[in-house]
Every structure is written in C-alpha cells, then in structure tokens.
**Student:** 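This structure is in structure tokens; I'll ask about it shortly.
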Amino acid sequence: NAGVMQNPRHLVRRRGQEARLRCSPMKGHSHVYWYRQLPEEGLKFMVYLQKENIIDESGMPKERFSAEFPKEGPSILRIQQVVRGDSAAYFCASSRGQQETQYFGPGTRLLVL
Amino acid sequence: DQQVKQNSPSLSVQEGRISILNCDYTNSMFDYFLWYKKYPAEGPTFLISISSIKDKNEDGRFTVFLNKSAKHLSLHIVPSQPGDSAVYFCAANRKPGGGSEKLVFGKGTKLTVNP
C-alpha cells in the first residue's frame with residue numbers, strides 16, 4: 001500500500017533553469033496539495049488541485065510557478081527560471097476528499113546554485 | 001501574519017514522562033486541527049486531529065485538547081519514548097465554504113525525549 005510518492009527526492013538546478021517536481025497521490029486519492037517549507041519555517045500552502053482542475057492557487061507565486069494534475073499521471077509542480085530563493089523542501093499531500101486528512105509525501109529538496 | 005503559532009521551538013523531556021506541546025491560533029474560522037510529526041529528511045506524518053465540536057480526542061499515547069475560547073490546543077504524549085523525538089507541527093483548516101482546503105501550519109516544536 002504505497003503512500004504519496006514524490007520524485008526526485010533531491011534536485012539541483014542552476015539559476016535560470018527549470019525545475020519539475022512530481023507527485024503521485026495515494027491510491028484512491030483524487031485531491032493533491034503542494035506545500036513549501038523554507039529552513040526553520042513551517043509548511044506554507046501553495047496550491048490545491050483535483051484531477052484536471054486547479055481549485056485554489058492562492059499560495060502560488062504569480063510568476064514562474066505552475067501546477068497541474070492531469071487525468072492520467074502524476075501532479076507536476078513546475079518552476080521556471082529558478083532563483084536561489086526557490087531553494088526549499090517541496091511537499092505534496094493527498095486526500096480522498098474535501099476536509100479529509102492530508103497525507104504527505106517525503107518531499108523534494110530543491111537546491112538552486 | 002502567523003495565524004498558527006507554536007511558541008516553543010524546542011522541548012526536552014525524560015523517557016516515560018509526559019510531553020506537552022502547545023499551539024495557539026488567531027483565526028476564529030478554523031474548525032479542524034491536526035498534529036503532524038516530522039523526522040529529518042522525511043515528510044510530515046499525520047498523528048491525530050480534532051474537530052472544533054470536540055474538546056478532546058485520544059489515540060493511544062496521544063491526546064489532543066482544544067480550548068476554543070482561548071484559541072489554544074495542546075498535544076499530550078504519555079509516556080514519552082525516545083522514538084517520539086521529532087519536530088511536531090500544529091496545523092489548522094477552515095470550514096468548507098469559508099475557504100479552501102489548505103492547511104495553515106505553525107513553525108513546529110522540536111521534541112527531544114532523553115533515555
């Protein structure tokens with residue numbers, strides 16, 4: 001019974017490159033959430049998606065960041081033209097439905113050089 | 001604007017004793033509260049939750065207490081074990097229709113249980 005899967009676990013990018021983070025929710029879960037954790041901080045909400053729909057992107061930076069959750073395949077968080085300030089741990093969570101418990105993946109640690 | 005606050009960055013207790021982790025919130029729209037445990041280089045693991053219609057929820061060694069009038073909740077771990085050593089995050093959620101499903105997290109409390 002696999003939990004939430006994220007890959008890669010570690011990602012190193014140079015400034016200006018693109019970063020793609022993938023998240024496969026738990027089996028039976030159709031709701032996906034992305035959070036970011038900066039050092040010494042709590043997790044901050046970025047975006048909430050259901051299959052093929054973005055429900056809430058109020059925590060997403062307006063530029064360079066995008067997210068999708070296609071009908072088939074994992075959810076993708078895409079960061080274009082990365083900057084050093086994007087270095088953080090990015091966590092994906094999934095739930096079965098609204099107001100249901102969110103279960104987290106192991107995270108992707110992004111380092112921008 | 002920190003809507004969920006964990007004012008103690010760290011806590012150290014002896015094995016077998018009680019650990020009490022505290023959390024305060026400012027947004028009265030929050031109606032569902034959760035505690036997550038996180039080990040280094042891993043994702044948060046769900047521990048226990050409580051709805052605002054209750055003031056206590058218990059699961060084995062873990063009990064969460066909610067005081068709505070004080071906008072305060074606490075997590076009690078009894079007895080504490082060395083394997084409980086981790087960072088504990090308090091999180092809150094708003095009522096459906098009053099916002100989205102996003103969780104608002106505190107900054108965490110690092111618990112160390114000494115053998």
Side-chain angles (χ1 to χ4, degrees), chain A residues 2-10 21 23-26 29-50 53-60 67 69 88-111, chain B residues 1-10 21 23-27 29-53 57 59 62 64 86-110:
Chain A
V4 179
M5 298 174 67
Q6 291 187 248
N7 68 82
R9 294 290 305 271
H10 299 273
L21 289 64
C23 169
S24 296
M26 284 178 70
H29 288 195
S30 58
H31 298 239
V32 165
Y33 316 78
W34 286 92
Y35 293 82
R36 176 165 66 175
Q37 184 185 24
L38 296 170
E40 310 302 324
E41 295 285 325
L43 282 73
K44 295 281 195 314
F45 169 81
M46 298 181 75
V47 62
Y48 162 40
L49 311 102
Q50 293 179 31
N53 288 306
I54 296 175
I55 307 302
D56 180 3
E57 55 182 349
S58 59
M60 285 272 273
F69 189 16
Y90 291 82
F91 293 98
C92 168
S94 73
S95 69
R96 196 162 34 193
Q98 277 191 332
Q99 280 268 311
E100 300 240 12
T101 301
Q102 295 179 26
Y103 295 90
F104 284 82
T108 294
R109 278 137 190 94
L110 172 65
L111 176 62
Chain B
D1 177 24
Q2 193 74 14
Q3 296 186 67
V4 176
K5 299 179 184 178
Q6 294 177 258
N7 292 320
S8 297
S10 62
L21 298 104
C23 178
D24 298 292
Y25 62 96
T26 57
N27 190 334
M29 291 293 289
F30 289 147
D31 83 324
Y32 189 63
F33 305 90
L34 307 91
W35 285 94
Y36 286 84
K37 177 169 81 171
K38 186 180 180 303
Y39 295 117
E42 293 186 12
T45 302
F46 170 72
L47 265 179
I48 193 168
S49 61
I50 187 166
S51 164
S52 61
I53 63 173
N57 189 25
D59 183 2
F62 302 92
V64 56
V87 177
Y88 288 78
F89 288 99
C90 171
N93 199 332
R94 290 168 65 178
K95 296 183 174 95
S100 79
E101 303 304 312
K102 64 184 178 186
L103 292 175
V104 180
F105 282 84
K107 290 189 177 184
T109 296
K110 183 177 182 179

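Since the structure is predicted, the reported quantities are computational estimates derived from the model, not experimental observations. Each chain gets a letter, A, B and so on, in the order its sequence line appears, and its residues count up from 1.
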**Student:** Mind checking what makes side chain to side chain donor-acceptor pair (under 3.5 Å) contact with A:Thr108, not counting sequence neighbours?
**Tutor:**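 Checked A:Thr108 against side chain to side chain donor-acceptor pair (under 3.5 Å); zero matches.
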
**Student:** Minimum heavy-atom separation for A:Gly105 and B:Pro44, please, with both atom names.
**Tutor:**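 Closest approach of A:Gly105 to B:Pro44, heavy atoms only: O-CD, 4.5 Å.
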
**Student:** I need the residue from A:Val4, A:Val47, A:Thr101 with the largest number of non-hydrogen atom pairs under 4.5 Å to chain B.
**Tutor:**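 Top option by heavy-atom pairs under 4.5 Å: A:Thr101.
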
**Student:** Sub-4.5 Å heavy-atom contacts with chain B: which residues of residues 31-41 of chain A show up?
**Tutor:**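 Within residues 31-41 of chain A, near chain B: A:Tyr33, A:Tyr35, A:Gln37, A:Glu40, A:Glu41.
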
**Student:** For atom CE of A:Met5, decide whether the heavy atoms of other residues, nucleotides or ligands shown that lie under 6.0 angstrom number more than 12.
**Tutor:**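 Not buried by this count: 12 neighbours or fewer within 6.0 Å.
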
**Student:** Answer yes or no: does atom NZ of B:Lys5 have more than 12 heavy-atom neighbours from other residues, nucleotides or ligands under 6.0 Å?
**Tutor:**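 Open.
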
**Student:** Which residues satisfy the ring-ring contact (aromatic ring centres under 6.0 Å, His included) test with A:Tyr103, sequence neighbours excluded?
**Tutor:** none

**Student:** Flag the pair A:Phe91 / B:Glu42 as yes when at least one side-chain heavy-atom distance between them is below 4.5 Å, and no otherwise.
**Tutor:** no

**Student:** With sequence neighbours excluded, tell me which residues meet salt bridge (Lys or Arg N to Asp or Glu O under 4.0 Å) with A:Arg109.
**Tutor:** none

**Student:** Output the option from B:Gly106, B:Gly108, B:Ala41, B:Ser49 having the highest count of non-hydrogen pairs under 4.5 Å with chain A.
**Tutor:** B:Ala41

**Student:** Any chance you could measure A:Tyr48, atom OH, to B:Leu103, atom CG, to the nearest 0.5 Å?
**Tutor:**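 Rounded to the nearest 0.5 Å, the OH-CG separation comes to 11.0 Å.
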
